[in-house]
Amino acid sequence: MHAIGVDIGGTKIAVGVVDEAGTILAKVRRETVADDVADIDRAIADACTELAKEHEVGAIGLAAAGFVSPDRRSVLFAPNIAWREYPLAERIENLIDDLDVPVVVENDANAAGWAEFRFGAAREATDMLMLTVGTGLGGAVVVDRELVRGKWGVAAEVGHMRVVPGGHYCGCGHEGCWEQYASGTALVRDARQASVAQPDRAGRLLELAGGDAADISGPHVTRAAQEGDELAVELLATLGRWIGEGSASVAALLDPELIVIGGGVGAAGDLLLSPVRKAYEAQLSALGHRPVAQIEVAQHGNEAGIIGAADLARR
């Protein structure tokens with residue numbers, strides 16, 4: 001049975017028809033407005049209706065960045081979209097009543113993690129930790145081949161573990177959350193600050209950003225590091241250290257077989273993975289007396305949310 005997966009972002013949605021092997025058969029995109037939930041609903045419904053005209057589908061999965069209710073029908077809270085106790089599945093079902101298919105809501109990191117577990121880097125594993133390193137730090141946990149959602153549906157929010165008491169303010173309302181140090185946003189913040197504080201070392205980064213430190217982006221850091229730029233390599237190493245050390249703390253609780261790193265920073269390859277692995281092993285308890293989890297880059301990139309949401313809805 002084919003299913004539709006919808007990856008909902010703050011300014012756009014990506015929607016695809018996915019077969020049982022995790023292959024996207026067709027895909028469309030729509031632009032949206034983050035603070036207009038009705039506009040997002042209409043865009044989702046319009047895209048799903050368009051795809052359903054050409055493909056027979058049996059379910060729709062919505063991957064949403066936020067806390068999802070345990071019945072997988074509503075978004076309890078989202079940091080970047082105006083969803084508060086929002087009955088997203090019901091709203092979409094009402095707009096696509098001609099399709100008469102079930103609609104399921106899933107946390108976006110859970111969806112991406114499930115795609116990697118079923119069809120990607122973790123398809124041979126039984127226990128997995130997935131980290132989506134982007135604007136924030138999302139997490140997905142699979143234990144004994146089952147996705148862990150928790151009693152209230154909001155498990156695996158690892159990005160909001162506090163790692164620095166009194167540290168950087170986080171959008172969740174607390175300070176010092178892991179995602180404030182292990183995310184693409186943290187990488188960009190540190191790169192811009194370093195370019196102001198150490199302009200003599202930031203020549204390549206500033207060149208890539210058109211001369212303005214405020215315009216430095218994550219891809220600029222990755223590109224400069226791949227060219228051998230010393231400051232950019234250090235910035236990725238710092239990000240990798242934070243990811244690795246935090247992963248070791250999670251491993252103390254979950255003992256994963258495999259840790260999968262997703263998000264745009266994966267493009268840095270070993271420039272990121274090497275410091276992640278080094279920091280992970282340095283902080284792993286009982287090192288030398290236990291197996292060490294593999295750490296790999298996700299395989300499905302930006303399509304993971306679509307694939308995972310569709311497969312979870314189908315199941």
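- Relative orientation of the Y181 and W242 rings is tilted, given thresholds of 30° and 60° on the angle between their planes.
- Shown here for A47 and V28, the closest heavy-atom pair between the two residues is CB-CG2, 3.7 Å.
- Partners of E146 under the side chain to side chain donor-acceptor pair (under 3.5 Å) rule, at least two apart in sequence or in another chain, do not exist in this structure.
- Salt bridge status for R277 with E281: absent, with no side-chain N to carboxylate O gap under 4.0 Å.
- Atom CG of residue L25 and atom CG of residue D19 lie 4.5 Å apart, to the nearest 0.5 angstrom.
- Expressed to the nearest 0.5 Å, how far CD1 of I44 lies from CG of D7 amounts to 10.5 Å.
- Closest approach of A225 to L236, counting heavy atoms only: CB-CD1, 3.5 Å.
- Taking every heavy atom of both residues into account, G113 and M128 meet most closely at O-CE, 3.5 Å.
- No side-chain heavy atom of W152 sits less than 4.5 Å from a side-chain heavy atom of L76.
- Every residue was checked against the side chain to side chain donor-acceptor pair (under 3.5 Å) condition with E56, not counting sequence neighbours, and none meets it.
- Although no hydrogens or angles enter the test, the distance criterion places no donor-acceptor pair under 3.5 Å between the side chain of R30 and the main chain of V15.
- For the pair S247 (side chain) and I243 (backbone), a donor-acceptor distance under 3.5 Å is present.
- When the side chains of ILVMFWY residues are joined at heavy-atom separations under 4.5 Å, either directly or via intervening members, L239 and L205 end up in a single hydrophobic cluster.
- Its side chain outside the 4.5 Å cluster rule for every partner, L95 clusters with none of the Ile, Leu, Val, Met, Phe, Trp and Tyr residues.
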Item checked: Test side-chain contact (heavy atoms from CB on, under 4.5 Å) applied to R42 and D39, step by step -> CA-CA 5 Å; R42 288 189 295 268; D39 176 70; 3.9 Å; yes

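- For Q198, the CD atom is densely surrounded, since the number of other residues' heavy atoms within 6.0 Å is greater than 12.
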Ignoring hydrogens and angles, write down the donor-acceptor pairs under 3.5 Å from the side chains of residues 129-137, residues two or more places apart or on other chains.
from	atom 1	to	atom 2	distance (Å)
T132	OG1	G138	N	3.2
T132	OG1	G138	O	3.4

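- Closest heavy-atom contact between C172 and C177: SG-SG, 3.7 Å.
- When side chains are defined from C-beta on, I8 counts as touching W83, because their heavy atoms get closer than 4.5 Å.
- By the side chain to side chain donor-acceptor pair (under 3.5 Å) test, E234 pairs with R201, sequence neighbours left out.
- Residue V75 comes nearest to A78 through the heavy atom pair CG1-CB, 4.2 Å, listed as atom of the first residue, atom of the second, then distance.
- Side chain of E116 to backbone of A121: a donor-acceptor contact under 3.5 angstrom is found.
- Using a distance-only test at 3.5 Å, with no hydrogens or angles considered, a donor-acceptor pair links the side chain of T32 to the main chain of K12.
- Atom CG of D46 is separated from atom CD1 of I96 by 11.5 Å, given to the nearest 0.5 angstrom.
- At least one side-chain heavy atom of Q193 sits less than 4.5 Å from a side-chain heavy atom of D190.
- A search for side chain to side chain donor-acceptor pair (under 3.5 Å) contacts involving D311 returns W114, R118, R314, not counting sequence neighbours.
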For residues 298-309, which side-chain N or O atoms pair as donor and acceptor with protein atoms under 3.5 Å away, sequence neighbours left out?
from	atom 1	to	atom 2	distance (Å)
Q299	OE1	R123	NH1	3.0
H300	NE2	F119	O	3.1
E303	OE2	K27	NZ	3.1

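- Formation of a donor-acceptor pair under 3.5 Å by the R241 side chain with backbone atoms of Y280 is not found in this model.
- Heavy-atom neighbours of D97 CG from other residues, nucleotides or ligands within 6.0 Å: above the threshold of 12.
- Between atom CG of residue D41 and atom CD1 of residue I92 there is a gap of 4.5 Å, rounded to the nearest 0.5 Å.
- Taking Ile, Leu, Val, Met, Phe, Trp and Tyr as hydrophobic and joining them when side-chain heavy atoms fall under 4.5 Å apart, one finds M1 isolated, its cluster having no other members.
- Residue pairs meeting the ring pair (Phe, Tyr, Trp, His ring centres under 6.0 Å) criterion with at least one partner in residues 200-239, sequence neighbours excluded, do not occur; the list is empty.
- With D127 contributing its side chain and V143 its backbone, the two residues share no donor-acceptor pair below 3.5 Å.
- For residues 66-79, the pairs satisfying side-chain hydrogen bond (donor to acceptor under 3.5 Å, both in side chains) are S69-D71, R72-E106, R73-E93, with sequence neighbours left out.
- V142 and I295 are not part of a single hydrophobic cluster, where members link through side-chain heavy atoms under 4.5 Å apart.
- Using a 4.5 Å cut-off on side-chain heavy atoms (C-beta onward), R149 and N107 make no contact.
- The heavy-atom pair separating I40 from A34 by the smallest distance is CD1-O, 4.1 Å.
- Linking Ile, Leu, Val, Met, Phe, Trp and Tyr residues whenever their side-chain heavy atoms come within less than 4.5 Å places L62 and V101 in a single cluster.
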May I have the list of side-chain donor-acceptor pairs in residues 159-170 shorter than 3.5 Å, sequence neighbours left out?
from	atom 1	to	atom 2	distance (Å)
R162	NE	E175	O	3.1

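- Residue L208 is not grouped with residue V221 when hydrophobic side chains (ILVMFWY) are merged at heavy-atom distances under 4.5 angstrom, including chains of intermediate members.
- Hydrophobic cluster membership is shared by L187 and V297, with clusters built from Ile, Leu, Val, Met, Phe, Trp and Tyr side chains linked at under 4.5 angstrom.
- Taking NE2 of H289 as the start and CG of L284 as the end, the distance is 11.5 Å to the nearest 0.5 Å.
- With rounding to the nearest 0.5 angstrom, the CG atom of L99 is 10.0 Å from the CG atom of L51.
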Sequence neighbours excluded and cut-off under 3.5 Å, please list the side-chain donor-acceptor pairs for residues 254-271, or say none.
from	atom 1	to	atom 2	distance (Å)
D255	OD1	R290	NH2	3.2
E257	OE1	T126	N	2.9
E257	OE1	T126	OG1	3.3

